[in-house]
**Q** 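Please see the structure below; I have some questions.
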Amino acid sequence: MDLGIEIAGIKMKNPVMSASGCFGYGEEYSAFYNLEEMGALVVKGTTLEPREGNLPPRIAETPAGILNAVGLQNPGIDYVIKKELPALKGAGTPVIINIAGNLEEEYLELAKILDPLEEVQGLEVNISCPNVKQGGMAFGTDEKAAGSLVKAIRSVTSKPLIVKLSPNVTDIRGMALAVEKEGADAISLVNTFLGMAIDIHRKKPVLGNLVGGLSGPAIKPLSLRMVWQVSQEVKVPVIGMGGIMTAEDALEFIMAGARAVAVGTANFVNPYSIPEIVKGIRKFMEEHDYEDLSPLVGAAWKGV
Amino acid sequence: MDLGIEIAGIKMKNPVMSASGCFGYGEEYSAFYNLEEMGALVVKGTTLEPREGNLPPRIAETPAGILNAVGLQNPGIDYVIKKELPALKGAGTPVIINIAGNLEEEYLELAKILDPLEEVQGLEVNISCPNVKQGGMAFGTDEKAAGSLVKAIRSVTSKPLIVKLSPNVTDIRGMALAVEKEGADAISLVNTFLGMAIDIHRKKPVLGNLVGGLSGPAIKPLSLRMVWQVSQEVKVPVIGMGGIMTAEDALEFIMAGARAVAVGTANFVNPYSIPEIVKGIRKFMEEHDYEDLSPLVGAAWKGV
Amino acid sequence: MAMLRKAQIIKHDREGPGIYRMDFFSPEVSSRVIPGQFIHLKIREEGYHPLLRRPFSIYDVDNERGLFSILYRVVGLGTRIMAKRQPGELMEIMGPLGAPFTLPEEKGKIILVAGGMGFAPLHFLIKKLLKRNMEAEIILGARKAEELMGENDLVQLGVNFILATEDGSRGFQGQATDLLDKKLREGNYDYLYSCGPYPMLKKVASLALSRGIKGEVSLEEIMACGVGACLGCAYPAKGDKGDLTYKKVCQHGPTFSLEEVSFHNGPGD
Amino acid sequence: MAMLRKAQIIKHDREGPGIYRMDFFSPEVSSRVIPGQFIHLKIREEGYHPLLRRPFSIYDVDNERGLFSILYRVVGLGTRIMAKRQPGELMEIMGPLGAPFTLPEEKGKIILVAGGMGFAPLHFLIKKLLKRNMEAEIILGARKAEELMGENDLVQLGVNFILATEDGSRGFQGQATDLLDKKLREGNYDYLYSCGPYPMLKKVASLALSRGIKGEVSLEEIMACGVGACLGCAYPAKGDKGDLTYKKVCQHGPTFSLEEVSFHNGPGD
Ligand SMILES: Cc1cc2nc3c(=O)[nH]c(=O)nc-3n(C[C@H](O)[C@H](O)[C@H](O)COP(=O)(O)OP(=O)(O)OC[C@H]3O[C@@H](n4cnc5c(N)ncnc54)[C@H](O)[C@@H]3O)c2cc1C
Ligand SMILES: Cc1cc2nc3c(=O)[nH]c(=O)nc-3n(C[C@H](O)[C@H](O)[C@H](O)COP(=O)(O)OP(=O)(O)OC[C@H]3O[C@@H](n4cnc5c(N)ncnc54)[C@H](O)[C@@H]3O)c2cc1C
Ligand SMILES: Cc1cc2nc3c(=O)[nH]c(=O)nc-3n(C[C@H](O)[C@H](O)[C@H](O)COP(=O)(O)O)c2cc1C
Ligand SMILES: Cc1cc2nc3c(=O)[nH]c(=O)nc-3n(C[C@H](O)[C@H](O)[C@H](O)COP(=O)(O)O)c2cc1C
Ligand code: FES
Ligand code: FES
């Protein structure tokens with residue numbers, strides 16, 4: 001039996017990746033298990049310059065979900081290349097860098113800098129962060145803007161290009177088709193849903209940034225629906241995420257059409273989430289006599 | 001102390017209404033308490049002709065939420081007027097009819113039929129039901145279509161016109177401004193979020209209708225954010241809903257800018273939700289020395 | 001009508017693998033409930049997961065002690081949490097809800113068919129039938145021996161029963177409906193009651209109807225409100241004019257007459 | 001490092017209105033934990049509400065019996081659920097986590113300031129200080145008498161303490177920081193530790209720094225991961241070059257030196 005898959009030329013030994021921003025640069029969770037057990041490691045959203053991030057509080061819990069407004073705090077690409085990536089060289093799992101910016105030029109610069117690096121197996125283009133005032137989100141909600149950004153990035157890198165979409169749109173299929181057309185090798189669905197919480201005693205929003213992105217089990221029905229819709233439209237592989245806590249959840253996404261899945265919030269609740277999900281998928285495949293994952297991908301709409 | 005408010009000329013003794021489709025025509029919950037305790041009663045979505053609704057299963061539970069795909073099952077406007085409304089005449093609370101259709105003509109016909117009826121205090125125009133294949137949802141996701149529908153309905157009725165928006169859009173502010181411009185007296189936010197669940201053992205969507213609308217506490221951060229955004233843009237009152245379970249939740253919506261709130265899914269969990277929420281709001285006002293609700297409405301952005 | 005109250009768990013026993021019986025003290029419920037009705041149970045006092053209540057048929061009533069009981073199988077989150085509750089704790093109960101079984105007006109020979117946990121409401125019904133001196137026999141079916149419910153109860157009640165397991169691990173090898181077919185050929189039955197999985201009920205109904213036997217089934221459908229307000233629990237059934245319409249399992253049912261219910265486009269098809 | 005394990009609740013006592021002490025059996029934790037560290041507790045085994053773990057400081061350790069304790073106040077959903085757990089039950093614990101208090105290298109006079117529940121980590125610290133024969137005094141502050149924590153413990157330990165309540169219902173009427181001001185004027189202190197609400201810590205820090213007294217505070221911030229991976233628990237602090245940056249309460253903290261932490265644009269401002 002083989003859990004291996006390939007996304008845009010990136011070979012993974014199983015379909016379970018970390019979701020960007022929920023796994024740091026891998027160091028913290030490597031204290032719990034060997035990162036070789038992961039399908040791929042997607043690091044924190046990285047920008048050209050260091051970002052200090054948003055005012056605290058940055059986290060607010062909601063029923064079965066969390067709002068976050070970290071605001072892309074990161075040490076900037078130079079530091080990441082110098083200090084974080086070397087440590088990941090021997091990690092034994094493909095490393096994907098999530099890149100973000102305000103302006104097209106920033107994305108292009110990032111892509112150019114990362115293009116020659118052997119230790120980077122792919123780029124995930126974050127055009128969907130709801131926690132950054134300027135830019136980012138505009139690319140994520142406008143088909144034309146998204147398409148032309150992807151086209152530009154495509155022209156400066158030969159690395160596999162995964163485009164991560166925002167769920168805060170009327171027509172997720174349109175967004176997916178737009179970025180596929182301009183050269184996305186894969187599509188990540190989804191980033192967080194824009195939400196908020198209010199502290200009724202202070203009569204103010206709870207988060208320092210006022211609004212934040214909702215993740216966790218609460219959003220699973222919504223992200224699953226988007227994976228279902230998009231994977232029936234596009235030819236490139238879809239990476240599903242949003243509320244995956246268990247192997248059963250991951251299998252729902254795979255049957256909805258995702259070739260791989262990413263796990264974010266679940267890591268905070270159970271640091272062993274990723275290896276346990278891998279194990280659970282393997283068990284399901286064993287029990288149901290699947291030799292490999294492909295017949296499961298999209299099974300819920302292929303009517304297999 | 002006075003909990004009373006007015007929405008589009010409808011006087012309510014408190015700001016807590018039932019959400020359409022979650023309270024039938026009032027009969028079931030009148031076995032638990034006197035409907036006079038409600039701010040207003042919004043009945044099930046009603047169409048011109050009877051609708052049989054979607055295939056079961058129609059409900060799927062998700063973490064802190066429920067997916068429903070009832071599909072606007074209703075006995076049609078004639079039956080409602082003949083059999084349901086008479087029973088509500090003495091209910092002691094304003095009655096608002098939620099109307100839905102596929103075509104503009106259906107909405108117009110419904111509005112015309114209801115216009116002369118004294119027992120109807122207002123119309124809530126449902127342009128946002130995610131569970132009906134044709135129409136409905138298109139009005140809910142396109143500013144122009146929504147605007148021109150509202151304009152047409154406005155021209156055939158003098159009843160207070162509440163327009164209920166779909167959250168499944170990129171720009172909820174744009175939708176709200178479009179319907180306000182064309183004559184909406186108030187805006188209801190929000191209907192359910194399009195989602196789904198997959199049964200991994202049957203390898204099929206759980207719901208008979210494949211997809212359904214997500215409601216309940218899971219969506220509260222998202223609906224609250226929309227109320228916050230819209231109420232800062234429009235001049236007409238906003239009715240907030242989506243995951244309200246307690247008085248604290250209702251107060252969050254009021255502070256986000258809602259003049260009234262509606263309670264849907266909570267009724268299923270606790271049939272006394274509405275009177276208990278009214279009581280809780282009263283208690284909060286007492287404890288914090290509020291004479292009336294107005295200083296609380298939008299307090300979180302007015303910075304009061 | 002549908003009232004809400006807290007009731008104390010008096011006894012909570014494991015009856016088999018993943019099967020539990022929970023006895024509640026509630027004279028208000030036990031004195032009013034009729035076989036076929038159900039309660040809508042709140043699983044957690046704090047937090048919203050699981051969110052909805054869970055419906056369970058009344059399995060038994062002890063009027064003298066003011067008790068009523070449910071018999072349940074652990075199948076998911078809600079029942080997993082229930083299984084950990086301890087005697088002495090309170091749970092919030094809505095009910096009794098739903099339309100009960102109707103009892104035949106005249107005396108006659110009654111046959112019941114229970115598929116697995118479908119035995120729960122039939123147990124309470126049988127006790128009522130016996131009180132009225134009705135003659136009742138029951139077929140118990142399940143996939144395998146450990147899923148058979150009710151033997152002990154029936155021995156105690158002195159009611160005739162026959163067993164069927166699909167894997168042949170107990171009693172007749174085959175489905176409960178195969179036994180029913182045999183029984184209906186042999187004997188003259190006046191009325192039938194059945195509860196169990198959808199495919200079984202469908203066959204039960206067609207066997208009975210083809211022989212002109214009247215009866216009732218108890219259906220299950222995922223419920224939200226439990227009181228008729230949400231239209232979530234719809235099941236296809238014949239309307240007043242014989243037209244196909246959706247009826248509410250929580251309010252028109254969970255019991256339906258064999259003629260009324262339609263199994264033609266149900267969830268298993 | 002941050003390990004995960006189930007630990008049994010050995011004792012769970014109400015210590016005051018809404019205040020509980022929970023003792024766990026876990027030789028792995030109790031033998032390794034250092035004052036200032038915390039554990040990240042999973043509230044529920046089943047279901048996703050509440051979703052995140054909850055951080056609690058270590059309040060006490062009994063190495064002989066392999067126990068460690070937390071002291072907590074019921075403030076919301078998670079702590080409300082915790083308060084119902086019974087001795088004998090297991091809870092899943094991550095930790096010990098975080099950077100502990102550093103102990104002064106030389107002997108000296110130490111002053112501690114606890115605001116309400118801020119006493120919890122200071123209690124464990126005091127016990128360590130006493131073991132090293134350090135001279136320690138503590139100011140306990142709260143809004144009102146029933147929110148004062150730690151008197152009994154301190155009497156038992158034989159540590160000098162003074163009380164301040166804002167409403168004057170016990171001890172000095174005023175804030176703990178008023179007392180601290182007085183103390184700092186009177187005596188010569190070499191090191192300070194403090195834990196409590198943000199406005200108090202801010203004043204404590206400025207009072208101490210203005211007199212050149214070194215020390216540490218323990219901060220709180222809402223946490224998601226607890227291990228440094230999510231950047232959720234950021235708190236403004238001075239970086240290596242003195243520039244303002246966000247540090248992680250879960251990993252760089254919860255203890256910070258008075259010079260390091262910045263209270264200038266914190267959540268209370
Ligand atoms: C009128 C009625 C009477 C019932 N009586 C009994 C009884 O006496 N004993 C018993 O063991 N079970 C009974 N059930 C079924 C019982 O309600 C479900 O097994 C229970 O709700 C499952 O909850 P869960 O959280 O453990 O499972 P979930 O995790 O919610 O789901 C597990 C499985 O149970 C099904 N299920 C979930 N909710 C419901 C629901 N509300 N109704 C029906 N199926 C559901 C799901 O489709 C899924 O297949 C009855 C159901 C109905 C409608
Ligand atoms: C390092 C650290 C050590 C702590 N030690 C103790 C202790 O020893 N004793 C004690 O009683 N409390 C302690 N706390 C605070 C404790 O974690 C919170 O009171 C608890 O998480 C509240 O959970 P809840 O679900 O009951 O409240 P919620 O319903 O989640 O929230 C109620 C209130 O508590 C605050 N809160 C919620 N989660 C957190 C969190 N993760 N961190 C801080 N505040 C939060 C909220 O902002 C809100 O004001 C500590 C917090 C931290 C960060
Ligand atoms: C604390 C936090 C930080 C995140 N940071 C990023 C980020 O830097 N870049 C990005 O593309 N997505 C980021 N995300 C979104 C996640 O990668 C993921 O898309 C989302 O959380 C949904 O998955 P989940 O429900 O499994 O968490 C972040 C999410 C969380 C909770
Ligand atoms: C079972 C069900 C049926 C609904 N039917 C309607 C409807 O007929 N018309 C409508 O406008 N909204 C309908 N809604 C949406 C609710 O009115 C409400 O907007 C939504 O559920 C969010 O609120 P809640 O989280 O409090 O339930 C329905 C919701 C549910 C759960
Ligand atoms: S469960 Fe709501 S109508 Fe039956
Ligand atoms: S809680 Fe995640 S970094 Fe501190």
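Lettering follows sequence order; numbering is per chain, from 1. It should be emphasised that the depicted structure is a prediction, and the values quoted were computed from it without experimental measurement.
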**Q** Please report the C-alpha distance between A/Tyr29 and D/Val227 in whole Å, then the side-chain angles of each, then the deciding distance to 0.1 Å, and finally whether the side-chain contact (heavy atoms from CB on, under 4.5 Å) criterion is met.
**A** CA-CA 8 Å; A/Tyr29 290 105; D/Val227 297; 3.9 Å; yes
**Q** Evaluate side-chain contact (heavy atoms from CB on, under 4.5 Å) for D/Ile222 paired with A/Val206, printing each intermediate quantity in order.
**A** CA-CA 11 Å; D/Ile222 309 284; A/Val206 171; over 6 Å; no
**Q** Any side-chain heavy-atom pair from D/Leu51 and A/Pro217 closer than 4.5 angstrom?
**A**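 Side-chain contact under 4.5 Å: yes.
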**Q** Check whether more than 12 heavy atoms from other residues, nucleotides or ligands sit under 6.0 Å from atom CD of D/Glu260, and answer yes or no.
**A**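 Counting neighbours around CD of D/Glu260, more than 12 heavy atoms of other residues, nucleotides or ligands fall under 6.0 Å, so yes.
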**Q** May I ask you to check whether over 12 heavy atoms, not counting those of A/Lys204, lie within 6.0 Å of atom NZ?
**A**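 Open.
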**Q** What's the spacing between D/Leu52 CG and A/Thr265 OG1 if we round to 0.5 Å?
**A**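 Spacing of CG (D/Leu52) from OG1 (A/Thr265) equals 8.0 Å.
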**Q** What are the two closest non-hydrogen atoms of D/Glu221 and A/Pro56, and how far apart are they?
**A**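 That would be OE1-CB, 4.0 Å.
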**Q** Considering all heavy atoms of both residues, which atom of D/Ala224 and which atom of A/Ile66 are nearest to each other, and what is their separation?
**A**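 So the minimum-distance heavy-atom pair works out to CB-CD1, 4.4 Å.
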**Q** Tell me, out of D/Pro50, D/Gly226, D/Cys233, who's got the most heavy-atom pairs with chain A below 4.5 Å.
**A**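 Top count of heavy-atom pairs under 4.5 Å with chain A: D/Pro50.
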**Q** Between A/Gly26, A/Gly53, A/Cys22, A/Pro271, which shows the greatest number of heavy-atom pairs under 4.5 Å with chain D?
**A**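 Going by pairs under 4.5 Å, I would pick A/Pro271.
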**Q** Using a cut-off of 6.0 Å, state whether more than 12 heavy atoms not belonging to D/Glu146 lie near its atom CD.
**A**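 Counting other residues, nucleotides and ligands, CD of D/Glu146 exceeds 12 neighbours.
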**Q** Just verifying a value: how many Å separate D/Leu231 CG and A/Asn74 CG, rounded to the nearest 0.5 Å?
**A**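 One finds 9.0 Å between CG of D/Leu231 and CG of A/Asn74.
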**Q** Counting only heavy atoms from other residues, nucleotides and ligands, does the tally under 6.0 Å from CZ of D/Arg21 exceed 12?
**A**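 For D/Arg21, atom CZ is crowded (more than 12 foreign heavy atoms under 6.0 Å).
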**Q** So A/Ile59 and D/Met223, do their side chains get closer than 4.5 Å, heavy atoms only?
**A**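 Not in contact.
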**Q** Does any backbone or side-chain atom of D/Arg54 lie under 4.5 Å from a heavy atom of chain A? Answer side chain, backbone, both or neither.
**A**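 Only the side chain of D/Arg54 comes within 4.5 Å of chain A.
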**Q** For D/Lys84, is the NZ atom crowded, meaning more than 12 foreign heavy atoms sit under 6.0 Å from it?
**A**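 Buried by this count: over 12 neighbours within 6.0 Å.
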**Q** Looking at A/Gln73, A/Glu52, A/Glu61, which has the largest count of heavy-atom pairs under 4.5 Å with chain D?
**A**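 Sorted descending by pairs with chain D, the first entry is A/Glu61.
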**Q** Taking all non-hydrogen atoms of both residues into account, name the closest pair between D/His49 and A/Ala64 and its distance.
**A**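 Looks like CD2-N, 4.0 Å.
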**Q** What distance separates D/Arg53 CZ from A/Asn270 CG, expressed to the nearest 0.5 Å?
**A**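 It is 7.0 Å, given to the nearest 0.5 Å.
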**Q** Mind listing the closest non-hydrogen atom pair of D/Tyr48 and A/Thr246 along with its distance?
**A**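 Taking every non-hydrogen atom into account, OH-CG2, 3.5 Å.
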**Q** Test of understanding: with side-chain contact (heavy atoms from CB on, under 4.5 Å), list the residues that count as partners of D/Cys195, not counting sequence neighbours.
**A**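 side-chain contact (heavy atoms from CB on, under 4.5 Å) check on D/Cys195 returns D/Pro121, D/Leu122, D/Ser218.
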**Q** For A/Phe268 and D/His40: C-alpha separation, side-chain torsions, deciding distance, then whether side-chain contact (heavy atoms from CB on, under 4.5 Å) applies.
**A** CA-CA 10 Å; A/Phe268 310 154; D/His40 216 21; over 6 Å; no
**Q** Check each atom of A/Tyr25 against the heavy atoms of chain D and say whether the ones under 4.5 Å are side chain, backbone, both or neither.
**A**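 Neither; nothing under 4.5 Å.
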